[in-house]
There are 2 protein chains.
Amino acid sequence: MMIRTLSTLECTNMLMASRTGHLACAKDGQPYVVPFNYAYADSHLYAFSLLGKKIDWMRENPLVCAQVQERTQGRGWRSVIVEGRYEELPDRVGHKVLRDHAWAVLSKHTDWWEPGALKPVAPPVSDSLPHVFFRILVEQVSGREATE
Amino acid sequence: MMIRTLSTLECTNMLMASRTGHLACAKDGQPYVVPFNYAYADSHLYAFSLLGKKIDWMRENPLVCAQVQERTQGRGWRSVIVEGRYEELPDRVGHKVLRDHAWAVLSKHTDWWEPGALKPVAPPVSDSLPHVFFRILVEQVSGREATE
């Protein structure tokens with residue numbers, strides 16, 4: 001396998017093309033990582049989540065890391081890592097356009113993974129649950145690609 | 001989708017069955033997450049890595065989080081999250097059996113993802129590079145399953 005570093009443009013293109021990744025936050029030195037769905041726009045990753053550990057921790061410490069990966073030909077792969085900052089977008093008039101856009105983009109994508117919308121309660125009615133809308137400001141981005 | 005909590009036994013079984021996941025560490029409140037290959041044995045995730053940011057950070061702060069996921073039928077999925085502690089296993093006689101076992105298990109698995117073995121240098125000759133051998137002690141484990 002040959003490994004090369006991706007340019008910032010290549011990283012950004014990959015963030016734009018993808019909808020799923022992993023999001024890590026930290027509290028008192030303990031990291032926590034979960035999968036998440038997002039939509040990229042203007043140097044931010046937009047996402048929704050129910051209230052819970054992840055939101056609690058990011059409210060307390062906004063420093064986060066997101067990682068997005070994809071397979072390429074054969075055993076090849078690409079991976080992008082974002083260091084960023086959590087920003088909550090309250091349900092106010094000023095955020096309505098952004099929220100509607102992100103929601104539309106994310107709900108169009110019928111992904112297997114819906115961690116942001118569901119909690120282990122039965123029956124979960126995701127539409128009726130209050131979602132926290134947030135974004136991650138991409139402060140640093142780096143990436144690698146492996147080809148056979 | 002219906003979500004349920006996995007038992008500790010179910011979580012452990014999934015950790016045993018899988019070989020890839022995401023590993024998060026943290027330094028000064030900043031988390032960092034990367035994909036990794038591992039082999040589970042006796043409440044530990046065994047893994048190799050080249051020296052770099054991840055190892056530097058885990059040496060400084062051994063608190064880590066690992067996440068492993070798999071798809072199930074349809075849009076179903078399972079996800080397990082481990083809170084654990086980094087332990088480096090130096091290349092000494094006492095660790096030889098463990099190291100050989102973990103290396104054998106991990107190299108048998110022809111995974112698309114080889115972050116631990118390769119760095120962006122050309123040409124990377126992974127066999128000749130010194131690998132750090134480490135394990136994550138599983139201190140807490142939790143998991144969820146979604147079924148349609």
Side-chain angles (χ1 to χ4, degrees), chain A residues 1-6 21-35 53 57-58 60-67 69-77 79 81-85 110-115 117-124 126 139-140 142-146 148, chain B residues 1-6 21-35 53 57-58 60-67 69-77 79 81-85 110-115 117-124 126 139-140 142-146 148:
Chain A
M1 301 288 278
M2 292 289 296
I3 307 278
R4 75 175 182 92
T5 300
L6 298 178
H22 281 75
L23 179 62
C25 51
K27 182 182 171 179
D28 302 331
Q30 173 65 58
Y32 179 56
V33 55
V34 289
K53 182 168 173 174
W57 285 29
M58 292 191 297
E60 205 168 304
N61 169 21
L63 302 179
V64 300
C65 178
Q67 189 267 346
Q69 66 200 45
E70 63 179 19
R71 288 184 182 218
T72 55
Q73 287 203 315
R75 294 167 65 221
W77 49 263
S79 169
I81 292 178
V82 167
E83 284 190 8
R85 187 169 283 270
T110 56
D111 233 313
W112 65 280
W113 183 259
E114 304 185 52
L118 300 170
K119 287 276 174 188
V121 287
S126 61
E139 292 183 314
Q140 280 204 352
S142 61
R144 287 181 189 174
E145 178 181 59
E148 283 194 283
Chain B
M1 302 287 277
M2 292 289 294
I3 307 278
R4 73 174 183 92
T5 301
L6 298 178
H22 281 74
L23 180 62
C25 51
K27 183 182 172 178
D28 303 331
Q30 173 65 56
Y32 179 56
V33 55
V34 290
K53 182 169 175 175
W57 285 29
M58 292 191 298
E60 204 167 306
N61 170 21
L63 302 178
V64 301
C65 179
Q67 189 269 346
Q69 67 200 42
E70 62 178 18
R71 289 181 181 221
T72 55
Q73 288 203 314
R75 295 167 63 220
W77 50 261
S79 169
I81 292 178
V82 166
E83 284 191 8
R85 187 169 285 271
T110 56
D111 236 315
W112 65 281
W113 182 260
E114 306 186 51
L118 299 170
K119 288 274 174 189
V121 289
S126 60
E139 292 184 314
Q140 282 203 352
S142 61
R144 287 182 189 173
E145 179 182 59
E148 283 192 284

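Each chain gets a letter, A, B and so on, in the order the sequences are listed, and its residues count up from 1.
In terms of heavy-atom pairs under 4.5 angstrom with chain B, the leader among A:V82, A:V33, A:V64, A:D28 is A:V33.
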Full working for side-chain contact (heavy atoms from CB on, under 4.5 Å) between A:Q140 and B:Q30: CA-CA 12 Å; A:Q140 280 204 352; B:Q30 173 65 56; over 6 Å; no
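Applying the 6.0 Å contact sphere to CD of A:E148 captures more than 12 heavy atoms from other residues, nucleotides or ligands. Atom CD of A:E139 sits in a crowded spot, with more than 12 heavy atoms from other residues, nucleotides or ligands closer than 6.0 Å.
The minimum heavy-atom distance between B:A26 and A:A26, with the atom names listed, is CB-CB, 3.9 Å. For A:P31 against B:A24, the heavy-atom pair with the smallest separation is CG-O, 3.2 Å.
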